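Shown next, in structure tokens, is the structure this report addresses.
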Amino acid sequence: MACLHDHNCEEHDCSSDWSLYKHIDLSKVSALNEAVSGSVKSVFRAWEQRLNSSEGYLESNEGDPELIVFIPFTSDVKLKSISIVGGVDGTSPAKMRAFINRDGIDFSDAQNMQPVQEWDLVENLQGVLEYQTRYSRFQSVGNITLHFPDNFGGDTTQIHYIGLKGEATQLKRDVVATIVYELMPNPSDHKTRAETGGGLSQVE
């Protein structure tokens, strides 16, 4: 299901308030089959800048339209929608498949695994479409992998913008890891009363 922005977005919560752009761990974003290494990072930017591809875009290798994009977050998120702006002349992706909280997915994995959700895409050159997620399936998302298996007939696939909207949790992922660690404290990190002059020995 897609949302067509044929209204005043500022009055309908379509603004950057819901954008997850600032919660993407951009340094760890990666892509498979990108023609220019690292170019995938250029497709993530503020919602208001979604049509500005002056800093580059993601393109697959010649004759092979398939792309995989791995997107980790700095905190767990609840993902509501995804927006994709593709290229002209048949280079926009025609299908999108999503996998969540799975690291290291390659093309073989993507082709053999059942996605959490998949969408048939349309050529969205003006960035007016958003594809809604099955929201109950996209809770506590630490990372998402997007698989684009085909396009509209071009020799390559181009993606100029990927926008993700939803809500982020308050705790960053490294903070959560620290809390889990402290639930299992290392006895050597904590002095006992015996060590500090008290009457108790180390607790087993």
Side-chain angles (χ1 to χ4, degrees), residues 1-3 20-21 23-44 56-87 89-124 129-169 173 176-177 180:
M1 179 179 179
C3 172
L20 294 172
Y21 166 64
H23 300 283
I24 295 172
D25 192 347
L26 199 58
S27 66
K28 297 179 182 178
V29 168
S30 61
L32 296 182
N33 197 37
E34 59 180 339
V36 178
S37 179
S39 60
V40 64
K41 292 178 172 60
S42 67
V43 307
F44 298 97
Y57 54 87
L58 172 63
E59 185 171 25
S60 70
N61 285 295
E62 186 78 22
D64 186 356
E66 201 169 6
L67 283 168
I68 285 179
V69 178
F70 174 70
I71 310 164
F73 299 98
T74 56
S75 63
D76 285 350
V77 303
K78 300 176 181 180
L79 185 61
K80 293 184 175 183
S81 68
I82 303 172
S83 178
I84 304 292
V85 177
D89 299 328
T91 62
S92 290
K95 184 182 287 290
M96 175 172 66
R97 308 169 74 239
F99 307 88
I100 61 173
N101 299 334
R102 297 291 296 265
D103 295 342
I105 292 177
D106 60 20
F107 289 112
S108 177
D109 296 328
Q111 290 163 0
N112 293 313
M113 290 168 55
Q114 183 69 29
V116 177
Q117 189 174 348
E118 58 184 293
W119 300 260
D120 290 321
L121 308 182
V122 299
E123 293 178 297
N124 180 31
L129 288 175
E130 291 182 357
Y131 298 92
Q132 307 299 309
T133 66
R134 295 190 183 105
Y135 191 52
S136 62
R137 299 186 181 183
F138 288 81
Q139 309 288 302
S140 301
V141 178
N143 64 65
I144 183 169
T145 300
L146 299 179
H147 176 217
F148 302 95
D150 206 354
N151 61 18
F152 289 94
D155 289 336
T156 65
T157 294
Q158 291 183 11
I159 296 176
H160 291 248
Y161 170 78
I162 296 178
L164 305 169
K165 289 188 178 179
E167 300 177 73
T169 61
R173 293 185 68 77
V176 173
V180 172

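Index from 1, following the sequence. These numbers come from a predicted model, not from an experiment.
Below 30°, between 30° and 60°, or above 60°: for Phe99 and His147 the angle between ring planes is between 30° and 60°, a tilted geometry.
A distance of 11.0 Å separates CD1 of Ile24 from OG of Ser75, quoted to the nearest 0.5 Å. In this structure, the separation between CD on Glu66 and CG on Asn151 is 11.0 Å, given to the nearest 0.5 Å. Note that CD1 of Ile68 is 7.5 Å distant from CG of Asp109, once rounded to the nearest 0.5 Å. Separating the CG atom in Leu146 from the CD1 atom in Ile82 is a distance of 5.0 Å, to the nearest 0.5 Å. For the atom pair CZ (Arg102) and CD1 (Ile144), the distance works out to 13.5 Å, reported to the nearest 0.5 Å. Glu123 contributes atom CD, which lies 5.0 Å from atom CZ of Phe152 (distance to the nearest 0.5 angstrom).
Taking 4.5 Å as the limit, some side-chain heavy atom of Trp119 sits within range of a side-chain heavy atom of Thr133. Side-chain contact between Phe70 and Asp103 is present, with heavy atoms from C-beta onward closer than 4.5 Å. Considering only heavy atoms from C-beta on, Gln117 comes within 4.5 Å of Phe138 through its side chain. Side chains of Thr156 and Pro65 form no contact here, defined as non-hydrogen atoms less than 4.5 Å apart. Contact of the Glu167 side chain with the Lys80 side chain is registered, since non-hydrogen atoms from C-beta on lie closer than 4.5 Å.
When every heavy atom of Ser92 is checked against every heavy atom of Gly87, the shortest pair comes out as OG-O, 2.6 Å. Shortest non-hydrogen contact noted between Asn124 and Ser83 is ND2-OG, 4.0 Å. The heavy-atom pair separating Leu79 from Lys165 by the smallest distance is CD1-O, 3.4 Å. Nearest heavy atom pair, residue Ala35 against residue Ser60, reads CB-O, 3.7 Å. When every heavy atom of Met113 is checked against every heavy atom of Ile105, the shortest pair comes out as CE-CD1, 4.0 Å. The two residues Pro149 and Arg97 come nearest to each other via the heavy atoms CG-CD, 4.3 Å.
The closest donor-acceptor contact from the side chain of Asn33 to the backbone of Asp64 lies under 3.5 Å. Listed for the Asp155 side chain is no donor-acceptor partner under 3.5 Å among the backbone atoms of Glu62.
Around NZ of Lys95, the count of heavy atoms belonging to other residues, nucleotides or ligands within 6.0 Å exceeds 12.
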Open item on the list: Go through it in stages, so that I can follow the logic: the residues are Val122 and Tyr131, the test is side-chain contact (heavy atoms from CB on, under 4.5 Å), and I'd like the CA-CA distance, side-chain angles, deciding distance and then a yes or no.
Closed with: CA-CA 10 Å; Val122 299; Tyr131 298 92; 3.4 Å; yes
- [ ] Might you work through the side-chain hydrogen bond (donor to acceptor under 3.5 Å, both in side chains) test for Asn143 and Thr145, ending with a clear yes or no?
- [x] CA-CA 7 Å; Asn143 64 65; Thr145 300; 4.7 Å; no
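A side-chain contact (heavy atoms from CB on, under 4.5 Å) with Glu34 is found for one member of Asn61, Val69, Leu58 and no other, namely Leu58.
Evaluation of the side-chain contact (heavy atoms from CB on, under 4.5 Å) rule for Val36 yields Ser39 as partners, not counting sequence neighbours. Applying the side-chain contact (heavy atoms from CB on, under 4.5 Å) rule to Pro93 yields the partners Ile84, Leu121, Phe148, Thr157, Ile159; only residues at least two apart in sequence or on another chain are considered.
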